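Shown next, in structure tokens, is the structure this report addresses.
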Amino acid sequence: MPVSDEEVRHARDVVAEIVATHNPKYAPLFDILEVEVRKREQRSQLIRNAISRTDLAKLRELRQRRQKNWKDRGG
């Protein structure tokens, strides 16, 4: 089952609290979660950048045409 971005951020924050208040031996787990959060944020930003560089109307039109063609073929 996929883990949402929000769940990963929450887990990172919980582990950060554990490391800060109880035991620094869990710091590597925090590091792993922090890297995952950053990777997901970077991917989201790259996707937003790619979308902003393209003509969304054209993409929407192409997608609608593909869907219409698919439906016309009985899909």
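Here the structure is a predicted model, which means the values were calculated and not measured.
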Residues Arg9, Glu6: salt bridge by 4.0 Å N-O rule: yes
Under the salt bridge (charged side-chain N to carboxylate O under 4.0 Å, His left out) definition, can you give me all pairs with a residue in residues 12-29, not counting sequence neighbours? Arg12-Glu34
Under 3.5 Å, is there a donor on one side chain and an acceptor on the other for Glu41 and Ser44? no
Distance from Ser4 atom OG to His10 atom NE2, nearest 0.5 Å? 10.5 Å
Same cluster or not: are Val3 and Val14 linked, directly or through other Ile, Leu, Val, Met, Phe, Trp or Tyr residues, by side-chain heavy atoms under 4.5 angstrom apart? yes
Residues Val8 and Leu33: closest non-hydrogen pair is CG1-O, 4.1 Å
Return the minimal non-hydrogen interatomic distance between Tyr26 and Val19, and the atom names on each side. C-CG2, 3.6 Å
With a 4.5 Å heavy-atom cut-off, do Glu61 and Arg65 have their side chains touching? yes
